[in-house]
Asks: 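Encoded as structure tokens, here's the structure I'll be asking about.
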Amino acid sequence: MAIIEARSLTKVYGRQVACREICLSVEEGQVFGLLGPNGAGKSTLVKMLVGLVYPTAGEARVAGYPPGDIRGRRQVGFLPENFRLHGWMKGAELLTFHARLASLDGRAARQRAAGVLDLVGLTGEGQKLVANYSKGMQQRLGLAAALVGDPRVVFLDEPTSALDPLGRRQVREILLALKEAGKTVFLNSHLLSEVEQVCDRVAIINRGTVVASGRLAELQDGPATVTIRLGGLTEELAAELRRRYPSLQLEGDRLTLALGDREEIATLVARLVAGGCRIYEVVPGRNSLEDIFVHLVREGEQACG
Amino acid sequence: MALFTFREAWRKKVALIAGVLTLAFLILYGTGLHFITRDMVNTVNPAANATSYYAMMQAITLFVMGIYLASFLVAGLAILAAVGSVAGEIENGTLYTLAVRPLTRRDLLLGKFLGLAAMLVIYAALFFLALAGLVYWQTGLIIPGLVPALGLFILEPLVLLAVTMLGTTRLSTLGNGVLAFALYAIAVVGGMMEQIGAMMESTTATIYTGVITSLLLPADAVYRRLVATVVDLMPAGNGQDLPRFVNPQMTLGPFGSQSTPSDLMLFYTVAYIVVLLALAVYSFKRRDI
Ligand SMILES: Nc1ncnc2c1ncn2[C@@H]1O[C@H](COP(=O)(O)OP(=O)(O)OP(=O)(O)O)[C@@H](O)[C@H]1O
Ligand SMILES: [Mg+2]
């Protein structure tokens, strides 16, 4: 059974629909990326999954329990988006407190707190008051707090928004380490490169609706372009191709055209060879996540607009 | 969770500031007490003679005045301590990380309540004992009914704490503060009117005002009961050179307790705290964070 499962989750704030019938499932051990433009409903969805916000309709299960169930919460860590930590505590003390809330006892809690402090790169800062931490340090501390209970599932809402490039890299390494350890990570982000580098699966959400989801590789495979360097293309064949592929462009010996899907590359090449062309190079244009993202979001706007 | 809240109040210097202010108040009160009682006969044995009977009455009056003012401070602290404990923490984003811990919302809220209640109980008890101590030091009077009075004095901030905790689960910090202080003011004024009404023996209307405001927020009622506990232990007249009809309550005027809240009211107060807390838990459970 999937470790995170959302069935038709809907959240309506007044007249604003933040999430509309969202269905998702994430298998244990995956790093799942949720992408979407600002105001798409990402944070709302995560808050519903951790039991902070009650859905208007639909239901969810995390680690086998409905969100908010104490037994489920023991296995869940959450880094919220706009959060602050209690400034009157010292970093290490705060983490120890969180570890105790996560049902570790005194000594184990202190050790675990020191451990996660090292993990997020705050070694030696534990004795400072949290109020005196910089924004990035607070975010690191928040991540440490999310991980302090050694959760099976971690929800991270834009964990790197305040971090320097080094910090982002560290977070990426932490995510990969979590994955290595068999944990499930649910990552909210609009930093596409970040998602591209760590996620196995992604979903893209726009205006509260999931517009695409799947393995990253599958998404990137959709409609694609291909560039072929070739010689001996006859006028006749070129005209025939132009009829089939309206987007065809010919520059010197380079032929670029858009295809419905990747399988068509093979058919195309076969046709060209049969037509007497010599093929030197075939370069499939990789869809970057950004292309997909922009494409889907635009499409959504047209549909609504 | 309770310990955490208690430590939070401690570290944020709530205790320190309250302590310093209270100390200032006590010094002021003590000085006043000293000068007022300087010329008083230092024997407060009511059975002895008329002078010492009046001396005792005066000492008690001064004590009750002190308690009256102290209850304002304690009530203010109760409201301020709890006013943003949920809404404020949501506004500044500190509640998120706590609210996802394996801890029910009920435990979270009750933990906060207990932490603040512990602080208030300690504060109120120290305050009360300091006042009683000052009175003893200056006049030699041991406040009659000290222990039940102490209990009642501690109960009052708990009533306000419960109201404020309920408010903070739904209202913004500012809104809740305004509401809590307004309710408190209404209760105090209502109580005052009830006493004046009772004094002028114009029974019904004004007394009912008092009863109704007390039902709304039984803080003032607790204070009145406290006064009654202390004052009614004093004999009416001493039976020798003072006629029995001298009623010590009369000297207290609107600060006294002519119309004393019943045991039922006391029971109501405790039930009030419990019910409001239950409502607060219910309301907190249902809200989005
Ligand atoms: N408490 C709330 N009350 C009313 N509307 C809300 C509330 N929270 C969110 N919304 C609305 O729900 C929609 C989705 O918000 P959400 O915070 O989930 O977006 P997001 O995808 O996280 O955006 P971002 O990338 O900026 O973080 C927005 O239109 C927002 O205005
Ligand atoms: Mg968000």
Asks: Which atoms of Val130(A) come close to chain B, meaning under 4.5 Å heavy atom to heavy atom: side chain ones, backbone ones, both, or neither?
Replies: neither
Asks: Heavy-atom distances under 4.5 Å only: say whether Leu98(B) touches chain A with side chain, backbone, both or neither.
Replies: both
Asks: Tell me which of these, Ser103(A), Ala145(A), Pro67(A), has more heavy-atom pairs under 4.5 Å with chain B than the rest.
Replies: Ala145(A)
Asks: For the pair Thr96(A) (side chain) and Arg110(A) (backbone), establish whether a donor and an acceptor sit closer than 3.5 Å, ignoring hydrogens and angles.
Replies: no
Asks: Ring centres of Phe127(B) and Phe25(B) under 6.0 Å apart?
Replies: yes
Asks: Under a plain distance cut-off of 3.5 Å, with no hydrogens placed, do Thr160(A) and Glu194(A) share a side-chain donor-acceptor pair?
Replies: yes
Asks: Judged by atom type as modelled, is there a donor-acceptor pair below 3.5 Å linking the side chain of Thr168(B) to the main-chain atoms of Met165(B)?
Replies: no
Asks: Using only atom types and a distance under 3.5 Å, with no angle test, would you say the side chain of Lys42(A) pairs donor to acceptor with the backbone of Pro37(A)?
Replies: yes
Asks: Judged by atom type as modelled, is there a donor-acceptor pair below 3.5 Å linking the side chain of Arg170(B) to the main-chain atoms of Asn176(B)?
Replies: no
Asks: At a 4.5 Å cut-off on heavy atoms, which part of Phe97(A) comes close to chain B: side chain, backbone, both, or neither?
Replies: side chain
Asks: Name the one of Tyr68(B), Phe128(B), Tyr136(B) that satisfies ring-ring contact (aromatic ring centres under 6.0 Å, His included) with Phe63(B)?
Replies: Phe128(B)
Asks: Side-chain polar contacts of residues 109-122 of chain B - donor-acceptor pairs under 3.5 angstrom, sequence neighbours left out - could you list them?
Replies:
unit_1    : atom_1 : unit_2   : atom_2 : d
Lys112(B) : NZ     : Ser85(B) : O      : 3.3
Lys112(B) : NZ     : Glu89(B) : OE2    : 2.7

Asks: So which residues of residues 271-288 of chain B are in contact with chain A at a heavy-atom cut-off of under 4.5 Å?
Replies: Lys285(B), Arg286(B), Arg287(B), Asp288(B)
